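No experiment lies behind these values; they were computed from the predicted model shown. Computation of the quantities below employed the complete heavy-atom set of this structure, encompassing side-chain atoms and omitting hydrogens, waters and symmetry-equivalent molecules.
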Amino acid sequence: TYNRWKKSAVKQKELENIFYSINRDVLVVVDEVGKIIMCNNSVTHLFGYTVEEVVNQSIGFLYTANGPEPEKLDEITPQLKDNNFAVNFGTGKTKDGVSISLEVARYNRINDGGAVLLLRDITERRQVEEKLEDYRCHLEDLVKERTAALERANQELQREVRKREQTAALLRENEGRLRLLVQSASDAIITVDSSKGINSWNSGAEVMFGYAVKDIIGKPFSLLFPENFREQNKQLIEQMNVKGNGYCAGKTFEFYGLRKDGSEFPAEISYTCWESKNEINITAIVRDITERRKAQERIKEARDFLEDIFKTSADGIMVTTVPGGEITMINDALEKILGYSREELIGRNVSEFSSEQRKHPELGNEFLRQLMEHHVLVENQQTWIRKDGNVIDIECNAAILKDRGGKIKGAVASIRDITRRKRDEINLRETKDHLDNLIESSLDGIIVSDYKGTVTRANKSFLELIGTEKEEVLGKHIMELSI
């Protein structure tokens, strides 16, 4: 075909014959600026355009050049290159927008600067080549994987051999460490077999029970328990011999231990069983919990003491969540102060009782905000509303509750009804104001002194009586004012 193109470059008639004779590939003639001046009917089959739609369009209307592919150019003979032939590749787009892969053979016409191009659809070929390339890559990957798998298996085998050697050495080392650990443990670690009694006894057991190793090996395990606990412990061990380790795994039991001197002590025991030489062995770890029991008693006493205060306090006490403010616990005094029962108060928000909060709910609970900021509030005075609708004045002292880790768990507050105190303060101020008015308006001269006789007040009539100003009287001794 290339030879025919070369001969037709100077004979227009032969070129036209070639155009009509080619019915598979698109043959295009462009001028020196790349405008299409002639093409064959194959353009309709390949691109969907008519010849009339293509003529006078730029060659870029049909395809975009991708540039030469070096491995393909190597296949073009030097003769073609030397005779103004070139083969490139591009991407075409059909009338309905479908992209196709193209092989473009171009012959440059020297006489007029134009060119003849042959556009061949290689989409299927490209797909086949891509599949072949995928298969080749896949086969290479499989070979690599198999080779790598064999190498890994060999390396794994070598590692397994080394690991077993290291494990054996580590096992011997760990056995020594375990013996040292067992002997140095403060807990009693005792091993018992099903037929010979105690067969292992560490130093912690010696200290706890008072028996030396030589005195206890071979003795029954029940020797270490008071009479009233022996049957219970015997049944427990029998169950372990029958049901295995799962019977007691993860469980602890509380018994009383019996020392060599006959004294008893509270103990916590955990068991595990294991088989050696077709014989069931049971290991017991015994911990003396005497101090724990004492601590629990002290905690219980302290809790009872606090509960007594909580119950008997004349002030109302409540515990709330923060920052939510939901009531979780109250005492009897708070029921009396607010007039609600315990059931009515638990779960309610403390802000519901504030008269200010009821008037201005959009302000939120300012008390809780301050408490979260300062963690302690002292003598905070508020106005609350009782169940019966009466308004009372209260004084609140509150503090944030935290756990051992410092995490906030809630808040506790003591509530004191100061309504009567407030009323008495008002009465006292009114009485004082009334007395001040009486003194000031009296026609008789009146002076007031402290217990030392120092003048603290003088009314207008007294100042007129002695003809002096207030500043000259206040602070003097009463005897200095004798007339």
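- Of the charged side-chain nitrogens involved, none lies within less than 4.0 Å of a carboxylate oxygen, so that Glu291 and Arg298 do not count as a salt-bridged pair.
- Annotation: cation-pi geometry satisfied between Arg126 and Phe89 (NZ/CZ under 6.0 angstrom from ring centroid, within 45° of ring axis).
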| query | Hey, mind stepping through Asp433 and Arg429 against salt bridge (Lys or Arg N to Asp or Glu O under 4.0 Å) and telling me if it holds? | reply | CA-CA 6 Å; Asp433 292 343; Arg429 283 196 300 272; over 6 Å; no
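- In this structure, Arg348 does not pair ionically with Glu344, as no charged nitrogen and carboxylate oxygen lie closer than 4.0 Å.
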| field | Check against side chain to side chain donor-acceptor pair (under 3.5 Å), Thr290 and Asp288 | value | CA-CA 6 Å; Thr290 302; Asp288 186 342; 2.5 Å; yes
| query | Please walk me through it: do Glu268 and Arg292 pass side-chain contact (heavy atoms from CB on, under 4.5 Å)? | reply | CA-CA 10 Å; Glu268 181 182 80; Arg292 185 201 298 176; 2.9 Å; yes
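- The closest donor-acceptor contact from the side chain of Arg416 to the backbone of Cys396 lies at 3.5 Å or more, if one exists at all.
- Ring orientation note: the planes of Tyr256 and Phe229 are tilted relative to one another, at an angle of 30° to 60°.
- Between the Ser461 side chain and the Ser442 main chain, a donor and an acceptor come within less than 3.5 Å of each other.
- In this structure a side-chain-to-backbone donor-acceptor pair under 3.5 Å is missing from Asp315 to Leu334.
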| task | Applying side-chain contact (heavy atoms from CB on, under 4.5 Å), run through Glu472 and Leu463 and close with a yes or a no. | result | CA-CA 10 Å; Glu472 297 178 3; Leu463 295 174; over 6 Å; no
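- Formation of a donor-acceptor pair under 3.5 Å by the Thr91 side chain with backbone atoms of Thr64 is not found in this model.
- With hydrogens and angles ignored, the 3.5 Å screen pairs no side-chain donor or acceptor of Trp384 with any backbone N or O of Asp417.
- Side chain of Asn390 to backbone of Arg386: no donor-acceptor contact under 3.5 angstrom is found.
- Side-chain atoms of Ile327 and Val319, non-hydrogen and from C-beta on, never get closer than 4.5 Å to each other.
- At distances below 3.5 Å, not a single donor-acceptor pair connects side-chain atoms of Arg457 with backbone N or O atoms of Ile439.
- In Glu469, the CD atom is not crowded: 12 or fewer heavy atoms of neighbouring residues, nucleotides or ligands sit closer than 6.0 Å.
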| task | Go through the steps for Phe225 and Ile269 under the test side-chain contact (heavy atoms from CB on, under 4.5 Å), then give the verdict. | result | CA-CA 12 Å; Phe225 300 95; Ile269 308 177; 3.5 Å; yes
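- A salt bridge is absent between Arg162 and Glu165: the closest approach of a Lys/Arg side-chain nitrogen to an acidic carboxylate oxygen does not fall below 4.0 angstrom.
- A salt bridge does not link Arg420 with Asp424: none of the charged nitrogens is closer than 4.0 Å to a carboxylate oxygen.
- Between Phe47 and Tyr63, the distance separating the two ring centers is not shorter than 6.0 angstrom.
- Cation-pi contact between Arg230 and Phe221: absent, since separation from the ring centre below 6.0 Å together with deviation from the ring axis within 45° is not met.
- For the pair Thr94 (side chain) and Val98 (backbone), a donor-acceptor distance under 3.5 Å is present.
- Contact check on Glu425 versus Arg421 returns a salt bridge, with a Lys/Arg side-chain nitrogen under 4.0 Å from an Asp/Glu carboxylate oxygen.
- Atom CD of Glu140 has more than 12 neighbouring heavy atoms from other residues, nucleotides or ligands inside a 6.0 Å radius.
- A salt bridge does not link Lys422 to Asp393: none of the charged side-chain nitrogens sits closer than 4.0 Å to a carboxylate oxygen.
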| message | Walk me through whether Ile216 and Lys219 qualify under side-chain contact (heavy atoms from CB on, under 4.5 Å). | response | CA-CA 5 Å; Ile216 199 67; Lys219 297 292 179 64; 4.2 Å; yes
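- Remark: Arg342 engages Asp332 in a salt bridge, criterion side-chain N to carboxylate O under 4.0 Å.
- Side chains of Gln382 and Asn380: a donor-acceptor N/O pair is present below 3.5 angstrom, by distance only.
- Note on Arg136 versus Glu133: salt bridge recorded, some NZ/NE/NH1/NH2 to OD/OE distance being below 4.0 Å.
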